[in-house]
Amino acid sequence: MTRYEMLGRYGTALALVVLVLFNLAVTPNFATLQTLNVNLTQVCTVVIVAVGMTLVIATGGIDLSVGSLMAISGALAPMIFMGKLVDIGSIHAAVALAIFVSVLAATILGAFNGWLISRFRIQPIVATLVLFIAGRGIAQVMTNGNLQVFKVPEFQVIGLGRIFGLPVQVILMAVIVVSAALALRRTTFGRQVLAIGGNERAARLSGIATGRIKIAVYAISGTLAGVAGLIVIAINSASDANLVGMGMELDAIAAVAVGGTLLSGGRATIIGTLLGALTIQLVRYTLLANGVPDAAALVVKAAIIIGAVWLQERGRVG
Amino acid sequence: MKRKFELGSLLATYGVVLTLIAVILFGWLRYDNFLGAFNILSVLRYNSMFALVSLGMCFVIMTGGIDLSVGSVAALSSVVAAYASPYGLAPGLAAGLIAGLLAGTLNGIIVTRLHIMPFIATLATMLAASGTALLLAQNQSVSVSYDTAFTALGQGNLLGLPVPALIAALAYIAGSIVLNLTSTGRGVLTVGGSEDAARMMGLPVTRIIFLVYLGSGGCAGLAGVILAAQFGAGQPIEGVGWELFAIAAVVVGGTLLTGGAGSVGTTLAGVLLLGVLFTILNFENGKGWISLSAYWQSVIRGLFLLTVVLLQAHLINRVGTEKPAPDAG
C-alpha cells in the first residue's frame with residue numbers, strides 16, 4: 001500500500017482525529033456533552049440523506065432530487081397531523097399516518113427516479129433533475145408557499161426527544177448507518193449494488209436484475225430523504241417548503257466524496273460517508289467556534305473536498 | 001450505427017425549435033399583446049442572464065463535463081462588479097468578467113491538472129465562490145453606483161433593444177462561430193465524443209477542456225455583471241439553482257449530457273422555451289379562467305424537462321440499436 005493509498009483510505013478518519021485533538025487543545029468548552037449533541041444533531045439529517053446517496057453513487061448514479069423530496073415530505077406531514085386533509089380523532093393515529101404517508105410519498109417518488117433511469121436509460125443526473133425542479137414546486141403548490149407552524153410534541157419527538165440522554169434523531173441516524181453498512185457489506189443486495197456500479201453490463205450478463213436493484217436504490221434514497229425532511233421540520237416546529245432541504249443534494253454528495261466512495265461507482269463505504277459528514281461538520285464548527293465567519297468556512301469546505309478527492313485519486317492511480 | 005444515432009439526436013434537436021414556435025403561436029393566438037414589444041423585450045431582458053450561463057454550460061457539457069459553479073460565480077461577479085461600478089461602465093464590466101474568468105481558470109486547473117471529476121471540482125468551486133462573495137459583500141447586497149453609466153448594462157436600451165439581450169446575442173454569435181468555424185470548436189465535440197480518440201488524433205485535449213471551463217466562467221461573470229446592473233446591487237446569495245436551470249435548458253435544447261453532440265442555437269431555444277412558459281402562465285392567470293400561483297412555474301418546467309427527456313430517450317433507443325451507456329455524469 002503506497003503512501004497516497006493509505007492517505008486516501010484512512011485520510012478522513014485521520015483528519016477527524018486531528019480535528020478533535022485540535023479542538024480539545026484550542027476551542028473552549030469543547031469536551032462537553034453539549035458540544036457533542038449540537039454537532040450530532042446538526043449533522044444527522046445530512047448523514048441520513050448521504051447514506052441513501054452513497055448507495056445511489058455505488059451503482060454509478062447520482063440523486064439530485066433529495067432536497068426537493070425532503071420539502072415534499074416536510075410539507076405533507078403537517079397537513080395530515082394538523083387535520084387539514086382529513087380529520088383524524090386521535091393525535092397519535094394522525095401522527096403515525098402523517099409519518100407513514102409522507103415517507104411513502106418520498107419513497108414512491110424515489111422509485112420513480114429509478115424507473116426513469118432503468119426503464120428509459122436516462123442519465124441519473126438528468127432524470128433526478130426533473131424532480132429537483134418540479135419537487136420543490138409541488139411542495140410549494142401544496143402549501144401555497146405558506147409557512148406551516150405547529151406544536152405537536154407527539155410528532156416532534158423525532159427532532160426534539162431524547163432516549164437515555166441521546167437525541168432521538170441521532171439514534172435514528174445510528175440505526176440507519178449500521179443497517180446500511182451491513183446491507184452493503186454482508187447481503188446479496190449490497191454485492192449487487194456494487195457490481196452494477198463496477199460494470200453494469202457485466203452485472204446484467206451475470207444475471208443480476210439491474211433494473212430492479214436500481215429502482216430499489218433510488219427508492220431507498222427517497223425514503224431516507226423523506227425521513228430527513230420530517231426531522232428538519234420537527235426541529236424547527238415549522239415547515240417552509242421554500243427552505244426545507246435546500247442545497248441538501250450537494251451537502252450529501254460532498255459527504256460521500258470526502259468519505260472515500262468512488263463517484264464513478266463500484267466502491268462505496270457507508271462508514272466513510274459518516275466520517276466525511278462528521279469531518280465537514282466539525283471543520284465548520286471549529287471555524288465558527290474560533291470566530292471565523294461562516295462564509296470563510298465555505299471556502300475551507302471547498303478545499304477539503306478537493307483535497308480529499310485528490311488524495312483518493314492519487315491513491316487509486318498508484 | 002453512428003449515423004443512425006445522430007439522426008435520433010437531430011430529431012430531438014429540432015423538436016425544441018418547433019416546440020418553441022408552437023408555444024409562441026399558442027400565446028399569440030390566445031392572448032392580446034403576447035407579441036407586444038413590451039412583453040418581448042422584458043422576456044429578453046430577464047432571460048439574458050440565464051442565456052449566458054446556459055451558453056457556457058452548453059460548451060462544458062459538449063465535452064462531457066459539467067459546471068455546477070455558474071450560479072455562485074455569477075453571484076460573486078455581481079458583487080465584484082458592484083464594487084467596481086463607481087469607476088464607470090467599462091471597469092465594472094471588466095471587473096465582473098475577470099472574476100468569472102478567474103473562477104473558470106480555477107475549475108479548468110482542478111479538472112485538467114488534478115484530474116478530479118468535473119462534478120466534484122465545480123461543486124467545490126461553487127462553495128468557494130459563494131463563500132468569497134459573502135465575505136466580500138459582508139453578508140449583504142452591495143449597491144451599485146447610479147452616478148456612472150454602469151446600470152445601463154442591465155437596464156439600458158441600444159437601438160431599441162435591451163443591452164443585456166444584446167450582450168447575450170453577441171455571446172451566442174461568438175459561441176456559434178467558435179463551435180462551427182474554429183478547430184478548437186470542432187475539437188470540443190471530438191473530445192466529448194471520445195477523449196481517448198481525440199488524444200490519439202493529436203488534439204490538444206487538455207487545452208480544449210481548460211478553455212470550456214474558462215469560457216463558462218466568463219459567461220457566468222457577464223451574467224453577474226448584468227445581474228448587478230439590472231437589480232441595482234451585487235447579490236452574494238443570488239444564483240442559487242442557476243446551474244441546474246442551465247443544465248435543464250441545455251438538455252431541453254437537445255444537447256446530450258454524454259457529450260459529443262450539441263448546438264448553440266438550440267440551447268438558446270431551450271432557454272427561451274423555459275422562460276416563455278413563465279410568461280404564458282402569467283398571461284393565462286391574467287385571463288382569469290384559472291389562477292395558478294407562481295409556484296406552478298417550477299412544476300411545469302419540471303414536467304417539460306421530463307417530456308423532453310422521455311422523447312429523447314425514445315428517439316435514441318428506437319433509432320439507434322446500440323444504446324448509449326448510462327453515465328454517472
Side-chain angles (χ1 to χ4, degrees), chain A residues 57 59-62 64 68 116-127 129-145 197 200-201 214 241-242 246-247 250 253-254 257 263-265 293-306 309-310 313-314 317, chain B residues 66 68 72 110 114-117 119-121 123-139 236 240-241 244-245 247-248 251 256-258 292-310 312-314 316-317 323-329:
Chain A
I57 289 178
T59 65
I62 200 118
L64 296 180
S68 298
L116 284 182
I117 291 159
S118 60
R119 169 70 180 79
F120 298 99
R121 295 168 192 286
I122 297 171
Q123 287 171 292
I125 192 169
V126 183
L129 186 59
V130 170
L131 269 177
F132 169 87
I133 294 176
R136 189 165 298 280
I138 292 170
Q140 287 165 330
V141 165
M142 284 189 328
T143 59
N144 211 3
E200 188 171 345
R201 221 178 130 79
K214 277 194 189 173
N242 308 307
M246 197 76 180
L250 299 179
I253 294 167
L263 265 103
S264 44
D294 208 13
L298 279 177
V299 181
V300 176
K301 187 169 157 186
I304 294 172
I305 294 172
I306 292 299
V309 175
W310 182 71
E313 283 293 308
R314 288 293 298 256
V317 178
Chain B
I66 201 131
L68 298 181
S72 49
I110 301 176
L114 300 184
H115 302 287
I116 289 178
M117 286 173 71
F119 194 92
I120 292 297
L123 169 62
T125 308
M126 169 195 198
L127 296 173
S130 173
T132 312
L134 284 167
L135 281 176
L136 284 179
Q138 285 152 353
N139 293 325
V240 175
L244 296 172
F245 176 86
I247 296 170
V251 171
L256 293 176
L257 254 87
T258 37
L292 292 177
S293 69
Y295 296 119
W296 279 97
Q297 183 190 179
S298 26
V299 179
I300 294 170
R301 276 182 179 160
L303 286 176
F304 223 91
L305 179 63
L306 178 64
T307 316
V308 169
V309 167
L310 284 176
Q312 281 181 357
H314 179 70
I316 291 168
N317 289 347
K323 285 156 185 159
D327 190 37

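Naming: A, B, ... by sequence-line order, numbering from 1 per chain.
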A.B. asks: Is any side-chain heavy atom of A:Lys214 less than 4.5 Å from a side-chain heavy atom of A:Glu200?
C.D. replies: yes

A.B. asks: Can you tell me how far CD1 of A:Ile305 sits from CE of B:Met126, rounded to the nearest 0.5 angstrom?
C.D. replies: 10.5 Å

A.B. asks: What part of A:Leu116 gets within 4.5 angstrom of chain B, counting heavy atoms only: side chain, backbone, both, or neither?
C.D. replies: side chain

A.B. asks: Below 4.5 Å from any heavy atom of chain B, which atoms of A:Asp294 appear? Answer side chain, backbone, both or neither.
C.D. replies: neither

A.B. asks: Closest approach of B:Gly302 and A:Val130, non-hydrogen atoms and distance?
C.D. replies: O-CG1, 3.6 Å

A.B. asks: State whether the side chain of A:Arg136 and the backbone N or O of A:Ala241 hold a donor-acceptor pair below 3.5 Å, judged by distance alone.
C.D. replies: yes

A.B. asks: If you count heavy-atom pairs under 4.5 Å with chain A, which of B:Thr132, B:Ile120, B:Leu134, B:Val251 comes out on top?
C.D. replies: B:Ile120

A.B. asks: Checking heavy atoms, do the side chain of A:Ala257, its backbone, both or neither come under 4.5 Å from chain B?
C.D. replies: side chain

A.B. asks: Just give me the residue among B:Thr125, B:Leu135, B:Ile110 that pairs up with chain A most often, heavy atom to heavy atom, under 4.5 Å.
C.D. replies: B:Leu135

A.B. asks: What part of B:Leu114 gets closer than 4.5 Å to chain A, counting heavy atoms only: side chain, backbone, both or neither?
C.D. replies: both

A.B. asks: Sort out for me which of A:Val300, A:Val299, A:Val141 touches chain B most, counting heavy-atom pairs under 4.5 Å.
C.D. replies: A:Val141

A.B. asks: Return the CZ to CG distance between A:Arg119 and B:Leu310, rounded to the nearest 0.5 Å.
C.D. replies: 9.5 Å

A.B. asks: With only heavy atoms counted, which part of A:Leu64 is less than 4.5 Å from chain B, the side chain, the backbone, both or neither?
C.D. replies: side chain

A.B. asks: Counting only heavy atoms closer than 4.5 Å, note whether B:Leu306 contacts chain A via side chain, backbone, both or neither.
C.D. replies: both

A.B. asks: Nearest 0.5 Å, what's the CD1-OG distance between A:Ile133 and B:Ser298?
C.D. replies: 8.5 Å

A.B. asks: Drop me the distance from B:Leu127's CG to A:Leu250's CG, to the nearest 0.5 angstrom.
C.D. replies: 7.5 Å

